[in-house]
Amino acid sequence: MENVDCIFCKIIKGDLPSDKVHEDDTIIAFRDINPVAPTHILIVPKKHITDNNDFYPEDEEIAGRMFSVVRELAKKEGITESGYRLIMNTGKDGGQEVPHMHLHLIGGQKMQHKIG
Ligand code: AMP
């Protein structure tokens with residue numbers, strides 16, 4: 001369930017501090033230490049799932065909960081109407097730095113780069 005070397009597992013356990021904005025049985029969310037926008041929150045499953053390649057059907061409920069937490073947090077942050085970007089980096093080419101699956105919720109300003 002937990003990976004002793006993982007910084008996000010340490011935050012989940014309370015062994016490392018974080019600016020926590022949400023916690024329930026499945027998910028923790030905290031502000032990114034290096035924000036790229038006024039709202040930059042990481043939505044993190046408590047279960048240690050390394051990345052999307054480590055995500056299996058048994059975890060589908062977790063993903064659903066992650067997206068519901070995004071909606072709740074967007075409302076709290078006041079960015080429901082203005083909009084936001086969700087990013088999940090996976091692996092080396094995806095630019096993933098922390099090998100514990102997470103969503104970035106980024107908003108509060110217009111995104112500079114259009115994707116697609
Ligand atoms: P990624 O590149 O998708 O793995 O994103 C990892 C994110 O975690 C980066 O945006 C970091 O700024 C952020 N981060 C790393 N350590 C911490 C920490 N202790 N508390 C909050 N955010 C962190």
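Residue numbers start at 1 and run along the sequence shown. Both ligands and their constituent atoms are indexed starting at 1 by order of listing.
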Considering non-hydrogen atoms only, spot the tightest contact between Glu23 and Lys46 and give its length. OE2-NZ, 2.8 Å
Is any N or O atom of Asp32, backbone or side chain, closer than 3.5 Å to an N or O atom of ligand 1? yes
Verdict with reasoning, Ile41 to Asp32, per side-chain contact (heavy atoms from CB on, under 4.5 Å): CA-CA 5 Å; Ile41 295 172; Asp32 197 293; over 6 Å; no
Any atoms of ligand 1 less than 4.0 Å from a non-hydrogen atom of Asn34? List them with their elements. 12 (O)
Lys92 and Glu97: salt bridge (charged side-chain N to carboxylate O under 4.0 Å, His left out), yes or no, with the steps? CA-CA 8 Å; Lys92 190 162 54 72; Glu97 284 172 23; over 6 Å; no
Under 4.0 Å from any heavy atom of Gly95, which atoms of ligand 1 are there? 2 (O)
Sub-4.0 Å atoms of ligand 1 with respect to non-hydrogen atoms of Phe30: 21 (C)
Does the residue Ile11 have a heavy-atom contact with ligand 1, meaning some pair of atoms that are separated by less than 4.0 Å? yes
Leu73 side chain near Ile79 side chain, heavy-atom distance below 4.5 Å: no
Taking only heavy atoms of Glu97, which atoms of ligand 1 are found under 4.0 Å from at least one of them? 1 (P), 2 (O), 4 (O)
Check each heavy atom of Leu42 against ligand 1 and say whether those closer than 4.0 Å belong to the side chain, the backbone, both or neither. side chain
Close side-chain approach of Glu58 and Lys47, heavy atoms under 4.5 Å: yes
Can you say whether the rings of His40 and His104 are parallel (under 30°), tilted (30 to 60°) or perpendicular (over 60°)? tilted
List the steps, then state whether salt bridge (charged side-chain N to carboxylate O under 4.0 Å, His left out) holds for Arg65 with Glu72. CA-CA 11 Å; Arg65 186 74 198 123; Glu72 291 164 18; 3.6 Å; yes
Begin with the C-alpha distance, continue with both residues' side-chain angles, and end with the deciding distance and a verdict on salt bridge (charged side-chain N to carboxylate O under 4.0 Å, His left out) for Glu81 and Lys75. CA-CA 9 Å; Glu81 300 303 327; Lys75 193 166 182 214; over 6 Å; no
Tell me whether Pro17 has any N or O atom under 3.5 angstrom from an N or O of ligand 1. no
In ligand 1, the atoms that come under 4.0 Å of a heavy atom of His104 are 1 (P), 3 (O), 5 (O), 7 (C), 10 (O)
Could you check whether any heavy atom of Met88 sits closer than 4.0 Å to an atom of ligand 1, since that is the contact criterion I want to use? no
Checking a contact table here: which protein heavy atom is nearest atom 16 (N) of ligand 1, and how many Å away? Ile7 CD1, 3.5 Å
Under a plain distance cut-off of 3.5 Å, with no hydrogens placed, do Gln96 and Thr90 share a side-chain donor-acceptor pair? no
Side chain or backbone, does Phe8 bring an N or O within less than 3.5 Å of an N or O on ligand 1? no
Asp51 side-chain N/O to Asp54 backbone N/O, donor-acceptor pair under 3.5 Å: yes
Under 3.5 Å donor-acceptor, Asp59 side chain and Ile62 backbone: no
For Arg31, the ligand 1 atoms whose distance to one of its heavy atoms is below 4.0 Å: 21 (C)
Would you say Ser18 contacts ligand 1, with heavy atoms under 4.0 Å as the rule? no
Closest to atom 5 (O) of ligand 1 (heavy atoms only, candidates Met101, Gln96, His40, His102) is His102
Verdict with supporting geometry, Ile43 and His102, side-chain contact (heavy atoms from CB on, under 4.5 Å): CA-CA 5 Å; Ile43 294 92; His102 53 280; over 6 Å; no
Within a distance under 4.0 Å of any heavy atom of Val98, pick out the atoms of ligand 1 and give their elements. 4 (O), 6 (C)
Structural part of Leu16 in contact with ligand 1, heavy atom criterion under 4.0 angstrom: neither
Considering heavy atoms of the protein only, find what lies nearest to atom 22 (N) of ligand 1 and give residue, atom and distance to 0.1 Å. Ile33 N, 3.1 Å
Can you sort out which atoms of ligand 1 are near Asn89, meaning under 4.0 Å from one of its heavy atoms? 1 (P), 2 (O), 3 (O)
